[in-house]
Amino acid sequence: MPHGTTITQFISEEQRHAPGATGEFTALLNDIVTACKMISNQVNHGALIGALGSAGSENVQGETQKKLDVLSNEIFLQCNAWAGHLGAMASEEMDDIYHIPDEYPRGKYLLTFDPLDGSSNIDVNVSVGTIFSILKCPGGSEKPTVRDFLQAGTQQVAAGYALYGPSTMMVLTTGNGVNGFTLDQNIGEFILTHPNMTIPVDTREFAINASNMRFWDAPVKRYVDECLAGTEGPRGEDFNMRWIASMVAEVHRILTRGGVFLYPMDEKIRSKGQGGKLRLMYEANPMSFIVEQAGGGSVIGRERIMELQPEGLHQRVPVILGSRNEVERIRRYHEEAVG
Ligand code: AFP
C-alpha cells in the first residue's frame with residue numbers, strides 16, 4: 001500500500017480481490033468509519049459541548065448510561081440505517097434489535113456494536129472506544145429476528161474498533177489480518193499507519209481487575225500468583241500489570257506490544273447469576289476475531305470464545321485474550337483444574 005493510504009482506499013483495494021464483491025460491504029464499512037469520526041468529534045469536545053456526565057437512564061444491563069453513551073448510540077444508528085446495506089442492528093445500549101425503518105431499503109448484513117465502551121472513563125478523560133462486528137443475515141434481506149444475530153464468532157465477516165485516545169485510531173479485520181489507521185484531524189481521514197498488526201506470542205504483562213481477587217477461580221488465582229511471584233516464582237521472570245477498565249484501550253495495548261487481558265468468571269459474577277462480565281456479541285466476539293487475526297488467542301477458560309453458540313443478544317461471557325502462549329497457559333490451567 002502506498003504511503004498515506006486512506007481507510008477507504010484500503011478497503012476498496014482489499015474488496016477488489018474478494019470474489020463476488022458488490023461494493024455493498026465497502027460502503028457499509030465507510031458508513032461505520034463516518035460514525036466513528038462523528039463520535040470521536042463528540043468525545044474530543046467533551047465538556048465544551050456539555051457531553052460529559054450521566055444521562056440519568058440505565059441500559060438493558062442495568063448500567064447507568066452516560067450522555068455520550070446515548071449520543072454515540074444515536075450516531076451509529078443514524079449513520080448506518082439509511083444506505084440499504086443492513087437488515088438490522090443490535091447495540092449494547094438497546095434492549096431489542098433495531099429494525100431498519102420502512103422508508104429505507106434493507107440489506108444483507110447485520111451490525112452489532114458497543115457505541116462507547118469504557119464509558120466510565122469518559123469523565124476522567126481516559127481512552128474509550130467503539131467496538132463493532134458485521135455478520136451476514138442468514139435470511140438474506142428478509143426482516144431479521146434476534147435469532148439471526150445469534151451466530152458464533154467464527155461467522156463474523158468483519159470486526160473492528162475505534163479508539164478515542166491521544167489520537168483516534170481505527171483497527172479493522174475482514175478475516176485477512178489486522179490493520180490500524182490513525183485519524184488525521186486536518187483532512188478528516190483515517191490513514192493506514194499500522195499495517196499487519198501482530199501480537200507477540202510471549203509476554204510479561206497482564207491486565208486484570210485485582211479488586212476481584214478474592215472471588216477468582218483457582219486457575220486464575222494460580223496464574224496471577226505465579227506472575228506476581230516474579231523471578232522467585234515458577235515463571236522465573238518479573239511481570240508487569242495494567243488495568244485501564246476500557247477494553248478497547250486494553251486490547252490496543254496488547255496488539256501493540258503484547259500482553260494478556262482477563263475478565264474471568266468469578267464467585268461474585270456467579271452469585272449474580274451472570275455468565276461473565278463482558279458482552280459476547282458486542283465485546284468478546286469482535287475483540288476475539290481481531291486478536292486471533294493478529295496471531296493471539298482468546299478463550300473463556302478452556303474453550304475458544306469464537307466457537308460459542310450465542311444464547312442471547314446480551315449474553316455475558318468470561319474473556320481471556322492476548323499473547324498466544326500466555327493464553328494457552330491459562331487455558332491449560334483451567335483444563336488441569338477439572339482433571
Ligand atoms: P463500561 O463501558 O460500563 O465502562 O464497561 C467497560 C467494560 O465493559 C470493559 O471495557 C472493561 O474492561 C470492563 O468493563 C471494566 O470493568 P471493571 O469496572 O470491573 O474495571
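Just follow the structure's listing: the first ligand is 1, and inside any ligand the first atom is 1.
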Verify same cluster id: V220, F206 (apolar side-chain graph, 4.5 Å):
yes

So, regarding N212 and ligand 1 (criterion: nitrogen or oxygen to nitrogen or oxygen, under 3.5 Å), is there a contact or not?
no

Atom 18 (O) of ligand 1: closest protein heavy atom, distance to 0.1 Å, is K277 NZ, 4.0 Å

Answer yes if the ring centres of Y282 and F113 are under 6.0 angstrom apart, and no otherwise.
no

Using 30° and 60° as the class boundaries, would you call the ring planes of W243 and F261 parallel, tilted or perpendicular?
parallel

For atom 16 (O) of ligand 1, the closest protein heavy atom turns out to be Y263 CE1, 3.4 Å

Counting each atom of ligand 1 from 1 as listed, which ones have a heavy atom of S119 under 4.0 Å away?
1 (P), 2 (O), 4 (O)

Does the side chain of D69 pick up a donor-acceptor pair with the side chain of S119 at under 3.5 Å?
yes

Could you tell me whether N209 approaches ligand 1 through its side chain, its backbone, both or neither, with non-hydrogen atoms closer than 4.0 Å?
side chain

Please list the nearest protein heavy atom to atom 2 (O) of ligand 1 with its residue and the distance rounded to 0.1 Å.
G118 N, 2.8 Å

How about F10 and F181: are their ring centres within less than 6.0 Å of each other?
yes

Test: R204 cationic atom under 6.0 Å from F239 six-membered ring centre, within 45° of axis:
no

If you measure from each non-hydrogen atom of R279 to ligand 1, which part falls under 4.0 Å: side chain, backbone, both or neither?
side chain

Which bit of S211 gets closer than 4.0 Å to ligand 1, counting heavy atoms only: side chain, backbone, both or neither?
neither

Starting from I244 and following side-chain heavy-atom contacts under 4.5 Å between hydrophobic residues (I, L, V, M, F, W, Y), which residues can be reached?
V124, V126

Any atoms of ligand 1 less than 4.0 Å from a non-hydrogen atom of W243? List them with their elements.
15 (C), 20 (O)

Flag yes if M94 and Y104 sit in one hydrophobic cluster, no otherwise; membership is Ile, Leu, Val, Met, Phe, Trp, Tyr, and two members link when side-chain heavy atoms are under 4.5 Å apart.
yes

To atom 9 (C) of ligand 1, the nearest of M247, E93, R316 on a heavy-atom basis is M247

Give a yes or no on whether D225 atom CG has more than 12 heavy-atom contacts from other residues, nucleotides or ligands under 6.0 Å away.
yes

For F261, atoms of ligand 1 separated by under 4.0 Å from a heavy atom
12 (O)

Which segment of Y282 sits under 4.0 Å of ligand 1 when only heavy atoms are counted
neither

Proximity to ligand 1 by part of L278, non-hydrogen separation under 4.0 Å
side chain

